[in-house]
Amino acid sequence: MLEQLTLWFFDHLNYWTVFLLMTIESSFIPFPSEVVVPPAAFLAATGGQMSVVGVLFFATCGAIVGALINYYLAMWLGRPIVYRFAGSRVGRMLLLSPEKLDRANEYFVRKGAVSTFVGRLVPAIRQLISIPAGLSRMPLGAFVGYTALGAGVWNAVLALIGVLLSRVPGIETKEQVVAKASEYSHIIGYSILAIVLLLLAIYIVRQVKRKRRRNLIID
């Protein structure tokens, strides 16, 4: 089914198919973003009717809509039904499981609200991080903001890969772009995640030092 959907996407590559498939990718239906954004950016960079900025915009909008689907489903259905569905035959066909939800929930609890940003950069967590956000009824504005930021960063990485591959001799088809994008995206994604976590750690350390200084002044 994934292969057929991919072929259909290649034959109907435009802003709306980018939006549609990124909505699917960001919801609970498994579909790799590497199949969507890099080929679209590749086509835009090689003189297609789309622009790279347009691809990035519609891909990020689709990711937000998909994340909102998970967010509201989790909020309305509640933890027992969500976990029951994840453990069902249909849920496992969609590559869901209670164990994966547990990992996403633990990540959300450990990182707090900012996990909806950082989690968008983590493979296997990216599509599911909006579920614990919905279960905990995270404020909608913060959820959308963090999701847009995280999805925007990830989509920018994928778009950049597509643009760079358009300049590599011998890469001429969208299938070749997908193969190379899948190869490099996780490496680049983990590198960005490491940088983000380092910056967060520096920020937290500075905040702790400031708080200690204030307490010393008060005492």
d(Ser166 OG, Ile161 CD1) to nearest 0.5 Å is 12.5 Å
Gly162 and Ala41 have their tightest heavy-atom pair at CA-CB, 4.3 Å
Quiz item: Taking side chain as C-beta onward, heavy atoms only, is Ile64 less than 4.5 Å from Leu68?
Solution: yes
Please tell me whether Trp154 and Leu164 are part of a single hydrophobic cluster in this structure, the criterion being side-chain heavy atoms less than 4.5 Å apart. no
Between Tyr72 and Leu140, the two heavy atoms sitting closest are OH-CD2, 3.3 Å
Sequence neighbours excluded, the answer for side chain to side chain contact (heavy atoms under 4.5 Å, CB included) partners of Thr23 is Phe19, Val65, Ile69
Is Leu160 linked to Leu165 within one hydrophobic cluster, defined over Ile, Leu, Val, Met, Phe, Trp and Tyr using a side-chain heavy-atom separation of less than 4.5 Å? no
Within the 4.5 Å heavy-atom criterion, are Leu43 and Met50 side-chain neighbours or not? yes
Leu56 and Gly152 have their tightest heavy-atom pair at CD1-O, 3.9 Å
Shortest non-hydrogen pair, Ala59 vs Met22, comes out as O-CB, 3.5 Å
Besides Val52, the hydrophobic cluster formed by Ile, Leu, Val, Met, Phe, Trp and Tyr side chains linked at under 4.5 Å, directly or via other members, contains Val163
Output for pair (Phe42 CZ, Arg167 CZ), nearest 0.5 Å, gives 12.0 Å
Between Ala44 and Ser51 the two heavy atoms that sit nearest each other are CB-C, 3.7 Å
Q: Hey, can you tell me if Phe58 and Trp16 have their rings parallel, tilted or perpendicular (30° and 60° cut-offs)?
A: perpendicular
For Val37 and Ala159 the tightest heavy-atom approach is CG1-N, 3.6 Å
Contacts satisfying side chain to side chain donor-acceptor pair (under 3.5 Å) that involve residues 155-164 (not counting sequence neighbours) are Thr60-Asn155
**Asked** What about Val36 and Leu20, same hydrophobic cluster or not, with Ile/Leu/Val/Met/Phe/Trp/Tyr joined at side-chain heavy-atom distances under 4.5 Å?
**Response** yes
CZ (Phe57) with more than 12 external heavy atoms under 6.0 Å: no
